[in-house]
Amino acid sequence: MDIKSKIEALRKEINSHNYRYYVENYPVISDFDFDVLLRELQDMESSYPQFDDINSPTKRVGSDQSNGFESVKHRYPMLSLSNTYSQDELSDFCRKVEEELESSVEYVCELKFDGTAICIIYEDGKLLKAVTRGDGTSGDDVTENVRTINSVPLELHGSGYPDYFEVRGEILLPYSSFDRLNADRELNDEQPFANPRNAAAGTLKLQNSSVVAKRNLDCYIYNLLGENLPYKNHYDNIQQLKKWGFKVSEHVKRCSNINDIWSYVESIDKLRVELPYATDGVVVKVNRYDIQKQLGTTAKAPKWSVAYKFKAEQALTKLISVDFQVGRTGAITPVANLEPVQLAGTTVKRASLHNSDQITLLDIRVGDMVYVEKGGEIIPKITEVELSMRSSESEVFEYIFSCPECGTPLVRFEGEAKSYCPNQGGCAPQILGRIEHFVARKGMNIDGLGGETIVLLHNNGLVNNIADLYSLRHDQLESLPRLGTKSADNIVKGVANSRNIPFSRVLFALGIRFVGETTAKYIASHFKTLDAIMSASVEQLIEADEVGSKIAESIQDYFKDENNLDIIRRLSAANLQMSAESVELVSDNLSGKSFVISGSFILHSRDELKAIIEQHGGKILSSVSSNTNYLIAGTKIGPAKLTKATKLNIKIISENEFINMVSPSVDVKVNTIEIENVNNITQGSLF
Ligand code: IVH
């Protein structure tokens, strides 16, 4: 290949990785491999400047900006850091700094957090704005979302802060929250996030800040910028930030030479496995600001700082075979079977391959020696093939065209990376998966029906779909091997009890693609009956909270299927709850009015308030928008909701003001004196 074509091929490859990383939030190679590619391109471009191109991926820092957020120009550009993976290059950095200054200097060593960068602006001691890095020059205004992060102070503690200043830091999703989030996403048929970094970045870009609030993001601050800062060096200012209420890492250390720095690096490499959040290296910064200024910056990164990155732990092992798993929705997931190998303290035998694109991109072949890596991910992944060890007889991997379980030709939907088996009614893992989902605790909660029992019932021809569960007889169950009278009792009782499960859970249990637990609740409370959902158009479905066109289309597809319709008819005949309990109207005082409830209340629980609204003909919304008439504000109300309501001129009322709106028909169960007291408390703590 000639030089020009090689450069172009590299650019194309890097662009495709950038797209996966920034747009799809789903990288397929490690940061290290990405950096190697980028460096290779940088080297080639500087050796062959005749092939320069302003659109080369080396010319940008990467952008995280997306539509729907207001773009804000950074007062101080958000630069990147130069990276190295080598001890020698780290020493070179110190040598160059000290040569330039002709003296020794003090450094500050810190953790390199592996999340997403944020700039937070404070004015008069109050949080004014939070902006993503974007392209380094301007970023997205994500203030509402950042306000939900508990470790970010909304008002500063102490005194002595400048009227205006900015802090820079990293937004992280702790491993525990990441695991929970991904478990939920898998349950709801949503693509899990590849690692906590992508999950943090994706969460920060959500349009609904109440969802952000539930995800438990955290934020560590690592830089202070502005005029009239209290100290003339980085370390002291960072310590001061703690006193103003910011979360600053306790692992910030002053070092006076490369030996100190290296000891710090080694200690952090050991410590990081115990930290509850992801880190991928160490950042070294020159401490004094005047020296930082003297050293200056390049277009992309400061010359007074460098990041030493830890290579993710890797192991080399043999790819023995590839299995294909079929999920309950028919989605096919390739899984690599590996020769067992030790990696980060555990034995790895299997690795995720995600989809056919990744296999093609990495040109993975059975028999290859492959590198497996465990980043923040739960399941290890194959990141690279050791081509030098490839057998000359190896053959390009052929992805399957038909279902490994039932032989049906696979289909691939536009815009989706996975293939699907369309044989919903006849493909065993799909049938079993749907039944397991239906009986699960969050669905119909049928005791006594575990995975093995479902297989047993299926193999004996007793259940082929969820409706069959309601025809099961005690004598049929009792006579099955391994199921005695007691188990049969349990199953029959569990099935009978499931008839009382509320409609929203029945809707979730049906297993409609993309209709998770929360979405099912919103849909059930919006439409009230299954009939209404089945006859709703896409436009009408979208009117329910949290329902977008993807979910609406999936709902319609589900109800277009004759088999599903037959199942629904049978479930209805079996007396399952097919409508939300109807609300008896007490009055129509609130008719045409919509309410958002936020905070904690003293007289009523939130559910009681909701019931009162419905009993009086009002509507409950989950988030503040221009359609909201009233925000009922309790104590501990989310500041984002208050700000948004004020901005949109929505009337903010206390619990008592709300009660007065429906009074005298509401039985408030307390006497007037108590109400007056409560009124004072609520108002006092709110306004
Ligand atoms: S200082 C001008 N300190 O690393 C210096 N950055 O590649 C700007 N990062 O996007 C950054 N931990 O989000 C700094 N202790 C730390 C850091 C840190 C993580 C991230 C930062 C930036 C990236 C730079």
Side-chain angles (χ1 to χ4, degrees), residues 18 21-22 31-32 34-35 38-39 58 60-65 74-85 93 97 107-120 130-140 142 146 151 166-173 195-198 200-201 204 217-226 233-235 237-239 241-242 246-255 261 264-265 268 271-272 275 277-287 289 291-293 295-310 376:
N18 261 335
Y21 185 101
Y22 286 107
D31 285 5
F32 176 78
F34 181 84
D35 290 343
L38 198 67
R39 250 191 203 205
T58 55
R60 63 171 180 187
V61 244
S63 175
D64 64 16
Q65 278 182 273
H74 291 297
R75 186 182 287 207
Y76 309 101
M78 277 184 93
L79 296 176
S80 184
L81 283 173
S82 351
N83 281 336
T84 175
Y85 290 89
F93 164 78
V97 164
Y107 301 95
V108 178
C109 289
E110 302 170 3
L111 298 178
K112 185 168 191 309
F113 300 103
D114 194 11
T116 185
I118 191 74
C119 163
I120 317 179
V131 187
T132 66
R133 172 161 151 227
D135 60 4
T137 309
S138 47
D140 282 338
V142 288
V146 169
S151 47
E166 300 186 7
V167 288
R168 301 279 164 85
E170 198 84 349
I171 291 185
L172 303 162
L173 190 67
N195 52 45
R197 181 206 318 134
N198 291 306
L204 199 61
L217 290 172
D218 203 351
C219 180
Y220 276 93
I221 301 300
Y222 52 65
N223 260 358
L224 170 64
L225 293 162
N233 70 76
H234 174 64
Y235 184 85
N237 278 331
I238 282 289
Q239 302 311 316
L241 284 176
K242 278 190 202 167
F246 291 97
K247 189 161 183 176
V248 171
S249 167
E250 53 180 322
H251 305 290
V252 180
K253 189 166 183 272
R254 280 174 291 193
C255 291
I261 294 174
Y264 177 86
V265 169
I268 296 300
L271 171 90
R272 61 195 283 258
L275 294 174
Y277 45 78
T279 54
D280 61 345
V282 157
V283 180
V284 181
K285 297 171 183 171
V286 165
N287 192 20
Y289 290 151
I291 304 182
Q292 288 187 0
K293 206 166 164 203
L295 291 164
T297 68
T298 67
K300 282 199 288 186
K303 292 189 197 160
W304 45 263
S305 182
V306 71
Y308 174 84
K309 287 179 77 171
F310 297 121

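What you see is a predicted model; the values in this text were computed from it and never measured. Both counts, for ligands and for their atoms, begin at 1 and track the order of listing.
Against a heavy-atom cut-off of under 4.0 Å, Glu110 is close to the following atoms of ligand 1: 3 (N), 15 (N), 16 (C). Taking a cut-off of under 4.0 Å to the non-hydrogen atoms of Arg133, the atoms of ligand 1 that pass are 10 (O).
Every side chain to side chain donor-acceptor pair (under 3.5 Å) that Tyr107 has, sequence neighbours left out, goes to Glu98. Partners of Tyr85 under the side chain to side chain donor-acceptor pair (under 3.5 Å) rule, at least two apart in sequence or in another chain, are Asp35.
Formation of a donor-acceptor pair under 3.5 Å by the His74 side chain with backbone atoms of Gly136 is not found in this model. Side chain of Arg272 to backbone of Thr279: a donor-acceptor contact under 3.5 angstrom is found. The closest donor-acceptor contact from the side chain of Thr132 to the backbone of Asp140 lies under 3.5 Å. Of the possible donor and acceptor atoms, none in the side chain of Asp114 sits under 3.5 Å from a partner among the backbone N and O of Asp280.
Residue Thr116 places no N or O, backbone or side chain, under 3.5 Å from any N or O of ligand 1. Looking at Trp304 next to ligand 1, no N or O pair under 3.5 Å apart turns up. An N or O contact shorter than 3.5 Å is missing between Asn83 and ligand 1 by distance.
Of all the heavy atoms of Arg168, none lies under 4.0 Å from any atom of ligand 1, so neither backbone nor side chain is involved. Neither the backbone nor the side chain of Met78 has a heavy atom within less than 4.0 Å of ligand 1. Residue-level proximity to ligand 1 for Lys112 is carried by backbone and side chain together, each with a heavy atom below 4.0 angstrom. Contact annotation for Leu111 and ligand 1: only backbone heavy atoms (N, CA, C, O) come within less than 4.0 Å of the ligand. The proximity of Leu81 to ligand 1, defined as any non-hydrogen pair under 4.0 Å, involves the side chain as well as the backbone.
For the residue pair Tyr289 and Asn237, a side-chain donor N or O sits within less than 3.5 Å of a side-chain acceptor on the partner. In summary, the side chains of His234 and Gln239 do not present any donor paired with an acceptor at a separation below 3.5 Å, with no hydrogens or angles considered.
Checked for salt-bridge contact, Glu110 and Lys112 miss the test: no charged N lies under 4.0 Å from a carboxylate O.
In this structure, Pro302 is part of the shell of residues with a heavy atom less than 4.0 angstrom from ligand 1.
Closest protein heavy atom to atom 3 (N) of ligand 1: Lys285 NZ, 3.0 Å. Nearest protein neighbour of atom 20 (C) of ligand 1, counting heavy atoms only, is Glu170 OE1, 3.5 Å. Residue, atom and distance of the protein heavy atom nearest to atom 8 (C) of ligand 1 are Leu79 O, 4.0 Å.
Checking Phe113, Tyr220, Tyr222 against atom 21 (C) of ligand 1, the nearest heavy atom belongs to Tyr222.
Ser249 and Leu111 make their closest contact through OG-CD1, 3.8 Å (heavy atoms, listed as atom of the first residue, atom of the second, distance).
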